[in-house]
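What follows is a short report on a single structure.
Computation of the quantities below employed the complete heavy-atom set of this structure, encompassing side-chain atoms and omitting hydrogens, waters and symmetry-equivalent molecules. Since we're looking at a predicted model, the values are computed, not measured. Below, chain A is the first sequence line, B the second, and so on; all start at residue 1.
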There are 2 protein chains.
Amino acid sequence: MTTIQESAGRGRPRSERAEKAIVDATLDMIGEGVTVSELSIEAVASRAGVGKTTIYRRWANKEDLVVDSLATLRLPMPEPGGADVRADLVEYLEVMRSESSELRNRCITNIALNEADRFPDLYRRFRELVIEPRREAFRQVLRRGVATGELRPDLDVEVAMSMLVGAMLFHTKMSGPGYPVPDDLPERLVDEALRGFRYDVTRNVAS
Amino acid sequence: MTTIQESAGRGRPRSERAEKAIVDATLDMIGEGVTVSELSIEAVASRAGVGKTTIYRRWANKEDLVVDSLATLRLPMPEPGGADVRADLVEYLEVMRSESSELRNRCITNIALNEADRFPDLYRRFRELVIEPRREAFRQVLRRGVATGELRPDLDVEVAMSMLVGAMLFHTKMSGPGYPVPDDLPERLVDEALRGFRYDVTRNVAS
DNA sequence: AGTTTTCGAAACGCGACCGTTGCGTATCGT
DNA sequence: ACGATACGCAACGGTCGCGTTTCGAAAACT
């Protein structure tokens with residue numbers, strides 16, 4: 001908790017509703033693509049229908065507000081069904097796809113991709129809190145696939161992850177009004193990745 | 001050319017040096033991760049060692065300055081060697097990798113990934129000028145591979161492109177002081193993509 | 001009832017940047 | 001030489017957001 005100080009519960013208690021409105025406004029604006037640099041406390045206050053005082057009483061600065069707001073995003077990667085590697089990979093990519101369609105969740109990628117350089121502290125905490133757990137879950141699916149023999153024993157897991165996740169991010173970032181992410185993209189990505197691009201007459205006759 | 005007007009060559013001619021300094025400063029700042037919104041004419045002028053007047057005399061607004069600056073980035077994709085699909089793919093990814101290490105060239109991805117929503121005009125022109133030609137070149141390599149029989153006839157070319165380019169962008173965006181892009185990433189990416197992840201005892205024994 | 005704390009709102013002085021204008025100087029064509 | 005234009009620089013009035021302060025009202029405690 002980066003909150004500046006708990007008030008000794010003597011007088012009027014802090015409004016839960018105001019706090020939620022502030023965090024919501026913050027997340028929404030970041031989700032819409034507003035940079036942390038551009039994010040103004042005044043705009044957050046106005047959007048949340050709250051006085052600036054109410055914000056400054058809780059957070060010392062903008063970065064703390066953003067950190068705490070992002071921390072409220074609990075987006076657990078689901079335990080993979082575990083039927084097979086293909087199903088698990090598709091499931092995870094599908095999570096990414098569906099999340100990307102909600103404005104709120106876009107702030108995850110927006111922060112991760114845009115703010116790393118300028119707010120290293122924010123990025124580091126965000127990386128530990130959100131990014132790494134997800135990478136690890138994804139990594140485990142691939143490792144398990146190697147262990148079960150579904151995937152090549154010499155598969156470069158990190159590179160494989162980059163390909164699938166990178167392709168997904170690529171599409172979601174490029175997506176927009178005119179360029180929606182196809183519903184079946186996760187399946188198509190996983191299938192192409194599993195089969196490989198090369199034409200091999202001894203094997204690829206169709207699945 | 002978005003330049004506001006050519007002066008009738010009567011008096012003192014406009015300084016080539018100043019113009020170059022302005023464009024250089026603009027590109028450098030964008031390459032460093034400064035948003036177009038954040039980019040201030042004052043900062044550009046100061047960095048270029050130039051008066052604001054000199055900028056406003058040439059460009060009507062910030063967006064025009066950015067458009068013209070980006071247009072000076074002539075970054076032709078090389079004609080691929082054409083030895084085989086693998087070599088061509090590695091070559092193109094290698095171009096992306098090496099470009100990403102130069103600050104100046106980072107403004108390509110920065111603009112493409114961060115400014116699409118807020119500056120649709122800028123993004124559209126940039127897309128036509130830089131992005132689409134490169135996508136098309138990349139696409140041709142894959143199509144040629146299908147035509148020569150090196151790649152599967154039913155390969156989903158768009159998905160394949162997303163995987164390779166997306167993975168590369170993913171790494172370059174994530175890269176930084178502590179996270180350099182491995183030199184051999186292009187090769188590793190292409191090899192994993194061509195082979196596929198799946199373990200197939202009838203085929204994968206090594207290359 | 002009285003105390004304490006928070007609430008939203010408004011205003012403060014401060015600094016950054018806007019786009020414009022005027023200044024004295026430099027550099028071109030005629 | 002002379003007029004025209006561009007140069008860098010400094011200043012203008014204006015807007016925006018900063019972080020702080022003050023205000024009267026509201027909501028909890030003893």
Side-chain donor-acceptor pairs of residues 78-91 of chain A under 3.5 Å, sequence neighbours excluded:
residue : atom : partner  : partner atom : Å
A:Asp84 : OD1  : A:Ala87  : N            : 2.8
A:Arg86 : NE   : A:Asp191 : OD1          : 2.7
A:Arg86 : NH2  : A:Asp191 : OD2          : 3.1
A:Asp88 : OD1  : A:Gly81  : N            : 3.4
A:Asp88 : OD1  : A:Gly82  : N            : 2.8
A:Glu91 : OE1  : A:Gly81  : N            : 3.2

For [X] and [N], what is the distance between atoms [atom1] and [atom2] respectively, to the nearest whole Å?
X: A:Asp64; N: D:dG19; atom1: CG; atom2: P; answer: 11 Å
X: A:Glu19; N: C:dG8; atom1: CD; atom2: P; answer: 11 Å
X: B:Arg14; N: D:dC7; atom1: CZ; atom2: P; answer: 7 Å
X: B:Trp59; N: D:dA6; atom1: CH2; atom2: C1'; answer: 14 Å
X: A:Arg17; N: D:dA27; atom1: CZ; atom2: P; answer: 11 Å
X: B:Tyr56; N: D:dC7; atom1: OH; atom2: C1'; answer: 17 Å
X: A:Ile55; N: D:dG17; atom1: CD1; atom2: P; answer: 13 Å
X: A:Glu16; N: D:dA27; atom1: CD; atom2: C1'; answer: 14 Å

Those residues that, when tested against [X], pass side chain to side chain donor-acceptor pair (under 3.5 Å) (two or more places apart):
X: A:Lys62; answer: none
X: B:Thr53; answer: none
X: B:Asp156; answer: A:Arg188

Which residues satisfy the salt bridge (charged side-chain N to carboxylate O under 4.0 Å, His left out) test with [X], sequence neighbours excluded?
X: A:Glu158; result: A:Arg135, A:Arg139
X: A:Asp24; result: A:Lys20, A:Arg104
X: B:Lys173; result: none
X: B:Arg127; result: B:Glu132

key: Whichever of B:Lys62 and A:Lys52 has its nearest DNA chain C nucleotide further upstream toward 5'   =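 Per heavy-atom nearest nucleotide, the more 5' residue is A:Lys52.
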ask   = Between A:Ala48 and A:Glu42, which has a closest nucleotide on DNA chain C that is more 5'?
value = A:Ala48
task = Please examine the side chains of A:Asn114 and A:Tyr123, heavy atoms only from C-beta on, and report whether any two atoms are closer than 4.5 Å.
result =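 No - every pair of side-chain heavy atoms lies 4.5 Å or more apart.
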Sequence-aligned protein contact record of nucleotides 22-28 of chain C, with B where the base is within under 4.0 Å of a protein heavy atom and S where only the sugar-phosphate is = ----BBB
query = Residues in side chain to side chain contact (heavy atoms under 4.5 Å, CB included) with A:Glu94, at least two apart?
reply = A:Arg97, A:Ser98, A:Pro186
query = Are any of the side-chain nitrogens in B:Glu42 or B:Lys52 under 4.0 Å away from the carboxylate oxygens of its partner?
reply = yes
Test: A:Arg198 and B:Glu150 ion pair at under 4.0 Å = no
ask   = Want to settle it: does A:Asn61 or B:Val50 sit nearer the 5' end of DNA chain D, counting the closest nucleotide to each?
value = B:Val50
inquiry  = Among residues 21-40 of chain B, which ones have heavy-atom contacts with DNA chain D below 4.0 Å?
reply    = none
query = Is there a side-chain polar atom (N or O) of B:Thr54 under 4.0 Å from OP1 or OP2 of D:dG8?
reply =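 Looking at the OP1 and OP2 atoms of D:dG8, one of them is under 4.0 Å from a side-chain N or O of B:Thr54.
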key: Under-4.0 Å side-chain N/O to phosphate OP1/OP2 contact, A:Arg57 with C:dC7   =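 True: A:Arg57 side-chain N/O within range (under 4.0 Å) of C:dC7 OP1/OP2.
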message = Nearest to the side chain of B:Arg58, heavy atoms from C-beta on, is which of D:dC18, D:dA6, C:dG8?
response = D:dA6
task = Take the C1' atoms of the five end pairs on each side of the helix from C:dA1-D:dT30 to C:dT30-D:dA1, derive the two axes, and give their angle rounded to 10 degrees.
result = 10°
